[in-house]
2 protein chains.
Amino acid sequence: MSLPHAILTALLEKPSSGLELTRRFDKSIGYFWSATHQQIYRELGKLEAEGFIRTLPAAQPARGQKKSYEVLPAGRAELARWTAAPQDPKTLRDPLLLRLRAAAVVGTAGLEADLRRHLELHRRQLAEYQEIEKRDFPPDRDAPEDRLRHLVLRAGIDLETFWTQWLTHALAEFAGLPGEGRDRS
Amino acid sequence: MSLPHAILTALLEKPSSGLELTRRFDKSIGYFWSATHQQIYRELGKLEAEGFIRTLPAAQPARGQKKSYEVLPAGRAELARWTAAPQDPKTLRDPLLLRLRAAAVVGTAGLEADLRRHLELHRRQLAEYQEIEKRDFPPDRDAPEDRLRHLVLRAGIDLETFWTQWLTHALAEFAGLPGEGRDRS
DNA sequence: GAGCTTTATGCAACTAGTTGCACAACCAGC
DNA sequence: GCTGGTTGTGCAACTAGTTGCATAAAGCTC
């Protein structure tokens, strides 16, 4: 149950409407927790019902009407509670690894091309993160919040680095595989 | 939709009953694609209905009765198709990173202890993978299937290595954070 | 042979997330 | 002043995965 807390964090950083949140989930927050606008609207409704957020005064009636939310003290408390509460690490769960294992049984035909595509995508993502790092975290900035946010970005950078390296290694292995191993279905 | 294909792979490696599959998903396959016995039984039913697998002759009636499955040619073809079909890389999605970002807003109190726990768990997992590597992939083995399976294990090892390093780094950052940054809710 | 535990199979309900669509208001251009 | 795209909000249905429980048979223990 992370989405409500992702939204609380985003709203604490800056009160927003559903659409604004959606946009922010397409950028910064979405880099490690993506969400569609439907999920966000549904969750905003629940959070309001639970008394964790409320709509800012101003206009609120009817559809097609911009509605901005802000976090109430109960919401902040809930977020603090959740942040501190122990949670088990996510277990690894990746279809790509499954496909590799399947390839050991049915042959690697076709898989290689998709591996190349993945490599390219991860390289691009890595470049994008590095761009953000250069822009948002110059060496002199070191307020506590910046340090924590930088740490999160570092995780993204290091993960993309891992994937590009691993995929490169995998493709090298493929190249060394005997021809008959590459398709035997 | 990876579970059916995980099961097909497992059954191609060795025909099994639901319980045997469950056990294998608790070990090797489960390292990168976990599944509960309920998921497995449900999926076996579907795969059989679709004509991808069938029960081995022998005993098959009633509950509490062992039922073994084997893959039919259609199942193998489907697995080969799926393995070669392009799929987008999984997007990063980790509650831990979210909690770190939340901590930038509500303070890091409590989070540090859980980070330490994660570090310990990842270290343990890493040791386990390295143990498997030593046991199952001695330097002289290099049949194509072994190479591919080794590659998958390598991904696990490298990912756990990444997490231990990143968590170590994160904890070092926490230590350097000013006291007031550690809890301001 | 009555009861207890283990092995093996399975249903049903729930939670989280995705996809597809609907609809209202506003803002152009003509 | 209507037509057509864009912005903003939302419902409903579906898919994947989890949790909790039910049940049947086999074996063991006294």
Side-chain angles (χ1 to χ4, degrees), chain A residues 1-8 10-11 15-26 29-30 32-50 53-56 58-69 82 87-95 98, chain B residues 1-8 10-11 15-26 29-30 32-50 53-56 58-69 82 87-95 98:
Chain A
M1 284 220 318
S2 302
L3 180 59
H5 302 97
I7 291 178
L8 287 173
L11 287 181
S16 313
S17 71
L19 193 70
E20 280 161 1
L21 279 176
T22 305
R23 297 239 165 90
R24 291 169 63 197
F25 270 81
D26 284 343
I29 302 171
F32 53 93
W33 199 274
S34 64
T36 61
H37 71 114
Q38 291 85 347
Q39 280 178 276
I40 289 169
Y41 284 119
R42 204 191 328 164
E43 210 56 50
L44 283 172
K46 282 192 209 167
L47 286 169
E48 190 178 20
E50 289 169 319
I53 61 174
R54 69 162 181 199
T55 59
L56 282 176
Q60 86 264 45
R63 295 171 131 233
Q65 199 63 10
K66 197 174 234 165
K67 231 177 12 175
S68 275
Y69 293 89
W82 176 82
Q87 265 183 250
D88 282 339
K90 252 194 16 162
T91 57
L92 176 55
R93 197 182 190 75
D94 194 324
L98 213 46
Chain B
M1 283 220 318
S2 302
L3 181 59
H5 302 98
I7 291 178
L8 286 173
L11 287 180
S16 313
S17 70
L19 194 70
E20 280 161 2
L21 280 176
T22 305
R23 297 237 165 92
R24 291 168 63 197
F25 271 80
D26 285 344
I29 302 171
F32 52 94
W33 199 274
S34 64
T36 61
H37 70 116
Q38 290 86 346
Q39 280 179 277
I40 290 169
Y41 284 120
R42 204 189 328 166
E43 210 57 49
L44 283 172
K46 281 192 208 166
L47 286 169
E48 190 178 19
E50 289 169 318
I53 61 174
R54 68 163 181 199
T55 59
L56 283 176
Q60 86 264 44
R63 294 171 133 235
Q65 199 64 11
K66 197 173 232 168
K67 231 175 17 172
S68 275
Y69 294 90
W82 176 82
Q87 265 183 252
D88 283 339
K90 254 195 11 164
T91 57
L92 177 54
R93 196 182 191 75
D94 194 323
L98 213 46

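Every chain is numbered from 1 and lettered A, B, ... according to where its sequence line falls, protein lines coming before strand lines.
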Gap between atoms [atom1] and [atom2], on [X] and [N] respectively (whole Å):
X     : N      : atom1 : atom2 : result
B:L3  : D:dT18 : CG    : C1'   : 13 Å
B:Y41 : D:dG17 : OH    : C1'   : 18 Å
A:I40 : D:dT7  : CD1   : P     : 17 Å
A:H37 : D:dT6  : NE2   : P     : 16 Å
A:D94 : D:dG17 : CG    : P     : 13 Å
A:Q39 : D:dT15 : CD    : P     : 17 Å
B:E43 : D:dT15 : CD    : P     : 12 Å
A:D88 : D:dT18 : CG    : C1'   : 15 Å

> Can a donor-acceptor pair under 3.5 Å be found between the side-chain atoms of A:R93 and the base atoms of D:dT18?
Replying inline: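 By the distance-only test, no, there is no pair.
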
> Any N or O donor-acceptor pair linking the side chain of A:Q38 to the base of D:dG10 at under 3.5 Å?
Replying inline: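 Pair found.
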
> Which atoms form the tightest heavy-atom contact between A:E48 and A:T55, and what is the distance?
Replying inline: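 Minimum heavy-atom contact is OE2-CG2, 3.4 Å.
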
> Of the candidate nucleotides D:dT9, C:dA13, C:dT9, which contains the atom at the shortest distance from the side chain of B:R42?
Replying inline: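 Of all the options, the side chain of B:R42 is nearest to C:dA13.
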
>> So if I take every side-chain heavy atom of B:K67 and compare against C:dG10, D:dT9, D:dG17, which nucleotide ends up nearest?
In response: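 Selected nucleotide (nearest to the side chain): C:dG10.
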
Any non-hydrogen side-chain atom of [X] less than 4.5 Å from a side-chain atom of [Y]?
X     : Y     : answer
B:W82 : B:Q87 : yes
B:L19 : B:Y41 : yes
B:F25 : B:I7  : yes

> Stepwise, does the side chain to side chain contact (heavy atoms under 4.5 Å, CB included) test hold for A:H5 with B:L98?
Replying inline: CA-CA 8 Å; A:H5 302 97; B:L98 213 46; 5.6 Å; no

> So among B:L21, B:L44, B:L47, which one has a side-chain contact (heavy atoms from CB on, under 4.5 Å) with B:Y69?
Replying inline: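 Option passing the side-chain contact (heavy atoms from CB on, under 4.5 Å) with B:Y69: B:L44.
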
> If you measure from CZ on A:R93 to OG on B:S2, what distance do you get to the nearest 0.5 Å?
Replying inline: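 Here the interatomic distance stands at 8.5 Å.
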
> Judged by atom type as modelled, is there a donor-acceptor pair below 3.5 Å linking the side chain of B:Q39 to the main-chain atoms of B:T36?
Replying inline: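 Looks like yes, one N/O pair under 3.5 Å.
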
> B:S34 side chain to B:G30 main-chain N or O, any donor-acceptor pair under 3.5 Å?
Replying inline: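 Answer holds: no.
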
>> What residues from residues 15-26 of chain A pass a heavy-atom cutoff of under 4.0 Å to DNA chain D?
In response: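 Result for residues 15-26 of chain A: A:S17, A:G18, A:L19, A:R23, sorted by number.
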
> Taking the nucleotide of DNA chain D with the closest heavy atom to each, which residue, B:T36 or B:K46, is nearer the 5' end?
Replying inline: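 Counting from the 5' end, the first nearest nucleotide belongs to B:K46.
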
> the helix from C:dG1-D:dC30 to C:dC30-D:dG1: angle between its terminal axes, five pairs each, to 10°?
Replying inline: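 Nearest ten degrees gives 10° for this helix.
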
